[in-house]
Amino acid sequence: TVNINRKDTTKLLYQEYSDDALNKAIQSQKQADSLSEEAEPISPKLRKKVPISQDSYLHRLSVSSGSSLWQDIPMVRGSTMLLSMTREEQKLQEAKFELIASEASYLRSLNVAVDHFQRSQELQGVLTTQDKQWLFSRLQDVRDVSANFLFELEEKLEENMFTFNVCDVALRNAPEFRRVYLPYVTNQTYQDQTFQRLMNGVPAFQQVLEKLESDPVCQRLSLKSFLILPFQRITRLKLLLQNILKRIPPGADEEVQATQAYDALEKLIKDCNANVQRMKSTEELIHLSQNMEFECKIFPLISQSRRLVKHGELTALEYNISLKWKLTTRPIYLHLFNDYLLLSRPRENGRFIVFDHAASSDVRGEKCEMKLHGDNKNLFRLFLLQNNQGKKVEFLFRTETQSEKLRWISALMPQQPEPDLLDDSGKKAAQDTSKANKREHG
């Protein structure tokens, strides 16, 4: 049995997990402070449904989760196996171990978030059912997935301290990551709004939260810092996999698994970002629809696929027949969406009276070469090939600057699908090039 003097840094929360310190330690290959505590024997056939207790996970790692290296593990330090490994092989195992150590710290923070905050009877007492759902979303599911992920990672570490793989575990858990992270991250808009509303308008929530945050278990960290951890972790996990991938020898069996795991995380992050933007766009549409009145054919504004591309107030120029063709002006507000254009008369308090609209495919913006007297510069024409009444109409607009005019003309051009500048083969080539460069200069 090996004694390791373990400091309380095993209880380091993820918010304070120092990536920079760990990377510097790896680069310099310096040993961290010698740690000792009696290592606990682990059964290789523990049940799949693992307990959520902090101790059952963090105590199984025989080193500090805050600053120690793989080489600090007693079974590794000073072993003949370590001495027979090349520097690159050691770096690869350090990169893998960082993923495990950081996941342990992450799980500890999730345990605090769920057990101390979400399950607090006092906090439950001041929140409505809807507030609980929006504030904590799928946080417990995120915690459970992290617990199972760490359990599998540590099993790999225990099977072979010197050649353990983590990428196959990450790949196997990728569907579970997607199942819990996608809805949690998508809920971000509602979570932020709910938190701010409670902080600003519910004194009882503020009081309970202040009491909970002052508990030593939080280590002076706020509830907000715990709630944003899942957003940070999936991005960090992708970077950890990238760091492993660049150190795997070309053609090695685990290179395929590492690449697939990295791609799965990259796609998850991309889909999370898209969902967050979609939610924000929907919220924006709901707010906008509450401030719009239609004097023309009513247009159903709210749609999950619709997003606001550009908007602003312009000056419309018109020749008034009743005033002997005198040039008159009036303000018109344009709301350009990815699929429709709305034209309205602006009113006070951010309200709009919509008088016309057309599908984006029926909208054209063109330069106007017409020379008018006075300060009528920066003109462009707007054509609605088919407006809300099925008619073709034309507008002449003036902008404050030439650059604004050009931006509007560009925005009003028919939208073309954006090409994928980096397809799958290109991405793989980029990864290969990156790996080659890292090997040459690493």
- Val217 and Asp215 have their tightest heavy-atom pair at N-OD1, 2.9 Å

- Message: Counting C-beta onward and ignoring hydrogens, is there a side-chain heavy-atom pair between Leu268 and Cys272 closer than 4.5 Å?
- Response: yes

- Phe136 vs Leu127, side chain to side chain contact (heavy atoms under 4.5 Å, CB included): CA-CA, chis, key distance, verdict: CA-CA 11 Å; Phe136 295 105; Leu127 297 176; 4.2 Å; yes

- Thr189 and Lys280: which non-hydrogen atoms are nearest, and at how many Å? OG1-CG, 3.5 Å

- Query: Got Lys211 and Glu122 here, is their nearest side-chain heavy-atom distance under 4.5 Å?
  - Reply: yes

- Do side-chain atoms of His287 reach the backbone of Thr282 as a donor and acceptor pair under 3.5 angstrom? no

- Item | Step-by-step side chain to side chain contact (heavy atoms under 4.5 Å, CB included) determination, Asp192 to Lys224 | CA-CA 9 Å; Asp192 289 344; Lys224 189 72 172 177; 2.9 Å; yes

- For Glu254, what residues pass the salt bridge (Lys or Arg N to Asp or Glu O under 4.0 Å) criterion, not counting sequence neighbours? Lys96

- Message: Would you say that Lys156 contacts Glu152 through its side chain, given a criterion of any heavy-atom pair below 4.5 Å between the two side chains?
- Response: no

- Checking side chain to side chain donor-acceptor pair (under 3.5 Å) for the pair Arg233/Ser102: CA distance, chi angles, key distance, verdict? CA-CA 9 Å; Arg233 182 57 182 172; Ser102 63; 3.1 Å; yes

- Nearest heavy-atom pair of Ala359 and Val363: which atoms, and what distance? O-CG2, 3.3 Å

- Query: Would you find a donor on one side and an acceptor on the other, under 3.5 Å apart, between the side chain of Thr194 and the backbone of Asp131?
  - Reply: no

- ring pair (Phe, Tyr, Trp, His ring centres under 6.0 Å) involving Phe195 - partner list, sequence neighbours excluded: none

- Note on the structure: Closest non-hydrogen atoms of Ile100 and Leu150, given as atom of the first, atom of the second and distance, are O-CD1, 3.7 Å

- Task: Return yes if some donor-acceptor pair links the side-chain N/O of Asp72 with the main-chain N/O of Leu69 below 3.5 Å, else return no.
- Result: yes

- Is Val169 close to Arg172 at the side-chain level, that is, under 4.5 Å between some pair of heavy atoms? yes

- Query: For the atom pair CG (Leu135) and CZ (Phe117), what is the distance rounded to the nearest 0.5 Å?
  - Reply: 10.5 Å

- Message: Testing Leu182, Leu265, Val142 one by one against Phe177 for a side chain to side chain contact (heavy atoms under 4.5 Å, CB included), which residue passes?
- Response: Leu265

- Query: Any side-chain donor-acceptor pair under 3.5 Å between Ser137 and Gln191?
  - Reply: no

- Message: Check whether Asn160 reaches the backbone of Thr163 with its side chain - one donor and one acceptor, N or O, closer than 3.5 Å.
- Response: yes

- Item | Residues Phe397, Leu334; criterion side chain to side chain contact (heavy atoms under 4.5 Å, CB included); working and verdict | CA-CA 11 Å; Phe397 285 116; Leu334 303 186; 4.1 Å; yes

- Task: Return yes if some donor-acceptor pair links the side-chain N/O of Ser225 with the main-chain N/O of Leu221 below 3.5 Å, else return no.
- Result: no

- Item | Side chains of Arg407 and Thr399, donor plus acceptor under 3.5 Å | no

- What are the two closest non-hydrogen atoms of Asn388 and Lys297, and how far apart are they? OD1-N, 3.6 Å

- Message: Measuring centre to centre across the rings, with the benzene-like ring taken for any Trp, is Trp70 within less than 6.0 Å of Phe97?
- Response: no

- Task: Would you give the length of the straight line joining atom CZ of Phe149 to atom CD of Glu103, rounded to the nearest 0.5 angstrom?
- Result: 5.5 Å

- Give the C-alpha distance, both sets of side-chain angles, the deciding distance and a yes or no for side chain to side chain contact (heavy atoms under 4.5 Å, CB included) between Leu342 and Phe294. CA-CA 10 Å; Leu342 270 61; Phe294 288 80; 4.2 Å; yes

- Is the backbone of Phe383 close enough, under 3.5 Å, to the side chain of Arg364 for a donor and an acceptor to pair up by distance? no

- Message: With a 4.0 Å cut-off on N to O distance, would you call Lys267 and Asp271 a salt bridge?
- Response: yes

- Task: Begin from the C-alpha positions of Glu284 and Arg307 and carry the test salt bridge (charged side-chain N to carboxylate O under 4.0 Å, His left out) through to its verdict.
- Result: CA-CA 9 Å; Glu284 192 174 35; Arg307 70 182 193 284; over 6 Å; no

- Message: Just by distance, no angles: are the side chains of Arg108 and Asn111 close enough, under 3.5 Å, to form a donor-acceptor pair?
- Response: no

- Does atom CD of Glu400 have more than 12 heavy-atom neighbours, drawn from other residues, nucleotides or ligands, at distances under 6.0 Å? no

- Item | Heavy-atom closest pair, residues Ile302 and Ser289 | CD1-OG, 3.7 Å

- Query: Do Ile73 and Met161 touch side chain to side chain, with heavy atoms closer than 4.5 Å?
  - Reply: yes

- Please check if the side chain of Gln206 supplies one atom and the backbone of Met199 the other of a donor-acceptor pair under 3.5 Å. yes

- Are the side chains of Gln71 and Glu94 in touch, meaning some heavy atoms are under 4.5 Å apart? yes

- Query: Is it true that the side chains of Glu176 and Asn148 contain a donor and an acceptor less than 3.5 Å apart?
  - Reply: no

- Could you walk me through whether Glu255 and Arg247 pass the salt bridge (charged side-chain N to carboxylate O under 4.0 Å, His left out) check? CA-CA 10 Å; Glu255 182 180 28; Arg247 299 190 183 283; over 6 Å; no

- Item | Asn338 and Arg306 side chains, donor-acceptor separation under 3.5 Å | no

- Task: Show the numbers, then the answer: is there a side chain to side chain donor-acceptor pair (under 3.5 Å) between Tyr106 and Gln232?
- Result: CA-CA 10 Å; Tyr106 172 57; Gln232 299 171 343; over 6 Å; no

- Task: Could you go through the ring-ring contact (aromatic ring centres under 6.0 Å, His included) check for His335 and Phe352 one step at a time?
- Result: CA-CA 10 Å; His335 287 94; Phe352 305 94; 4.7 Å; yes

- Item | Heavy-atom donor-acceptor pair, Ser344 side chain to Val354 backbone, under 3.5 Å | no

- Message: In this structure, is the centre-to-centre distance between the rings of Phe226 and His116 below 6.0 Å?
- Response: no

- Query: Between Phe231 and Tyr184, does the ring centroid distance fall short of 6.0 Å?
  - Reply: yes

- Query: Is there a donor-acceptor pair closer than 3.5 Å between any side-chain N or O of Gln90 and the backbone N or O of Leu82?
  - Reply: yes

- Message: Counting only heavy atoms not in Ile286 (residues, nucleotides, ligands), do more than 12 fall under 6.0 Å from its CD1?
- Response: yes

- Item | Glu404 with Lys310: basic N within carboxylate O range, under 4.0 Å | no

- Query: Given Gln133 and Tyr190, is the side chain to side chain donor-acceptor pair (under 3.5 Å) satisfied, shown in steps?
  - Reply: CA-CA 10 Å; Gln133 183 179 339; Tyr190 290 125; over 6 Å; no

- Contact check, side chains of Leu240 and Leu99, non-hydrogen atoms, under 4.5 Å: yes

- Applying salt bridge (Lys or Arg N to Asp or Glu O under 4.0 Å), name anything that partners Arg347, two or more places apart in sequence or on another chain. none

- Query: Given side chains that start at C-beta, do those of Phe337 and Ser303 come closer than 4.5 Å, heavy atoms only?
  - Reply: no

- Message: Strictly distance-based, threshold 3.5 Å: is any side-chain N or O of Glu213 a donor or acceptor partner for the main-chain N or O of Glu210?
- Response: no

